[in-house]
Amino acid sequence: MFTNFLSKTEKLFQVQYADYAKKHFLKNFEKKYPGVQWEVTDRSIQFELARLRMPNNDTQSSQQVDELKHKGNYWLIKYDFRVAKTKESTKSSGNRCVVSIDNSKDLIEILLIYGKDDLPKNQNETAYIFNTVKSQYGEIWKRF
């Protein structure tokens, strides 16, 4: 859930994957859920994120997103999703994206995409996220 809400507007965000996310995370989902199953899931993730600040969208106040950091026009959030054609709920699936939002540029960048089983055993989830964003996305981390 957001504690610092994005102002509502009809303007969609542009959503893109960071190169690091494509190289280190996205391939795993594409292999695990081949073809249409992942394509539908990916389109759904991008569609929901693009609409995050639309007036008729209540995702910001749902349990599906967690605001991790916020400063000015920048947010770092965790977004829970489920893979198409699976019987798990969004929350219990353990699948997440870590997303950087630049509200001034109308841009959302997916930095990490993972399942909870992909996390290192010796580190909690938030520490893993912060350490990875600091080490791989220094410019984004400096915003906060």
Side-chain angles (χ1 to χ4, degrees), residues 1-9 11-54 57-86 88-144:
M1 186 178 317
F2 278 62
T3 52
N4 300 285
F5 289 91
L6 294 160
S7 55
K8 299 288 187 176
T9 178
K11 192 167 187 180
L12 294 173
F13 281 109
Q14 176 189 350
V15 179
Q16 63 189 32
Y17 283 94
D19 289 338
Y20 181 80
K22 286 181 197 173
K23 185 177 179 183
H24 294 279
F25 299 101
L26 195 54
K27 288 180 191 178
N28 295 338
F29 278 95
E30 291 170 337
K31 283 180 189 175
K32 190 173 180 180
Y33 306 103
V36 173
Q37 190 175 15
W38 178 249
E39 291 168 14
V40 168
T41 303
D42 186 38
R43 279 195 305 262
S44 174
I45 291 167
Q46 292 193 42
F47 178 78
E48 275 300 312
L49 290 174
R51 297 179 64 249
L52 198 56
R53 62 184 175 189
M54 297 291 282
N57 187 333
D58 63 353
T59 305
Q60 289 187 66
S61 52
S62 76
Q63 296 296 321
Q64 192 172 3
V65 293
D66 293 313
E67 179 183 318
L68 301 173
K69 287 195 155 293
H70 168 256
K71 185 176 181 185
N73 279 317
Y74 305 107
W75 280 259
L76 187 67
I77 67 166
K78 182 172 58 173
Y79 173 78
D80 299 339
F81 67 93
R82 70 181 277 276
V83 175
K85 297 184 181 179
T86 60
E88 303 162 316
S89 72
T90 300
K91 200 69 170 171
S92 68
S93 73
N95 297 318
R96 290 142 170 61
C97 296
V98 175
V99 172
S100 168
I101 301 173
D102 184 336
N103 200 38
S104 64
K105 292 183 179 176
D106 304 317
L107 178 66
I108 287 183
E109 192 168 19
I110 299 172
L111 307 178
L112 311 172
I113 182 166
Y114 60 91
K116 279 197 96 164
D117 295 339
D118 300 329
L119 297 173
K121 302 294 182 222
N122 60 348
Q123 200 173 31
N124 79 34
E125 186 173 6
T126 303
Y128 169 75
I129 291 167
F130 287 174
N131 288 337
T132 305
V133 172
K134 279 181 204 176
S135 66
Q136 299 301 321
Y137 302 102
E139 288 301 311
I140 290 172
W141 187 256
K142 287 178 188 175
R143 297 172 181 169
F144 303 104

What are the two closest heavy atoms between S93 and R82, and how far apart are they? OG-CA, 4.0 Å
Between Y33 and K85, is there a cation-pi geometry (under 6.0 Å to ring centre, at most 45° from the normal)? no
Ion pair E125/K78, N-O distance below 4.0 Å: yes
Check for a donor-acceptor pair, side chain of S44 on one end and backbone N or O of V40 on the other, with a separation under 3.5 Å. no
Do the two ring centres, one from F29 and one from F81, sit under 6.0 Å apart? yes
Once rounded to the nearest 0.5 Å, what's the spacing between atom CH2 of W75 and atom CG of L52? 9.5 Å
Donor-acceptor contact below 3.5 Å, side chain N124 vs main chain A127: yes
Is it true that a side-chain atom of H24 and a backbone atom of L26 form a donor plus acceptor pair closer than 3.5 Å? no
Show the nearest heavy-atom pair for residues L107 and F13, with the distance to one decimal. N-CD2, 3.6 Å
Heavy-atom closest pair (Y20 atom, L111 atom, distance to 0.1 Å) is CD2-O, 4.3 Å
Give a yes-or-no answer on whether the side chains of S104 and D102 include a donor-acceptor pair shorter than 3.5 Å. yes
Whether R96 engages the ring of Y79 as a cation-pi pair (distance to the six-membered ring centre under 6.0 angstrom, angle to the ring normal within 45°) should be assessed. no
I'd like to check L76 versus V99 (side-chain heavy atoms, cut-off strictly below 4.5 Å). Are they in contact? no
Looking only at side-chain N and O atoms, does N73 offer a donor or acceptor that is under 3.5 Å from a partner on R143? no
Over all atoms of both residues, closest heavy-atom pair of F25 and I113: CB-O, 2.9 Å
Run the numbers on T3 and E67 for side chain to side chain donor-acceptor pair (under 3.5 Å), then give the verdict. CA-CA 7 Å; T3 52; E67 179 183 318; 3.1 Å; yes
Between Q37 and T86, which heavy-atom pair has the shortest distance, and what is it? NE2-CG2, 3.8 Å
Can we say K116 and D80 salt-bridge, meaning some charged N sits less than 4.0 Å from an Asp/Glu carboxylate O? no
Counting only N and O atoms by type, is there a donor-acceptor contact under 3.5 Å from the side chain of D118 to the main-chain atoms of Y114? no
Go through Y17 and D42 one step at a time and tell me if the side chain to side chain donor-acceptor pair (under 3.5 Å) criterion holds. CA-CA 11 Å; Y17 283 94; D42 186 38; 2.4 Å; yes
With a 4.0 Å cut-off on N to O distance, would you call E30 and K27 a salt bridge? no
Count the heavy atoms belonging to other residues, nucleotides or ligands that lie under 6.0 Å from NZ of K8, then report whether that count exceeds 12. yes
Are Q16 and Q14 close enough that a side-chain donor and a side-chain acceptor fall under 3.5 Å? yes
Under 3.5 Å, is there a donor on one side chain and an acceptor on the other for Q64 and T59? no
When every non-hydrogen atom of N57 is compared with those of R51, the smallest separation belongs to ND2-O, 2.8 Å
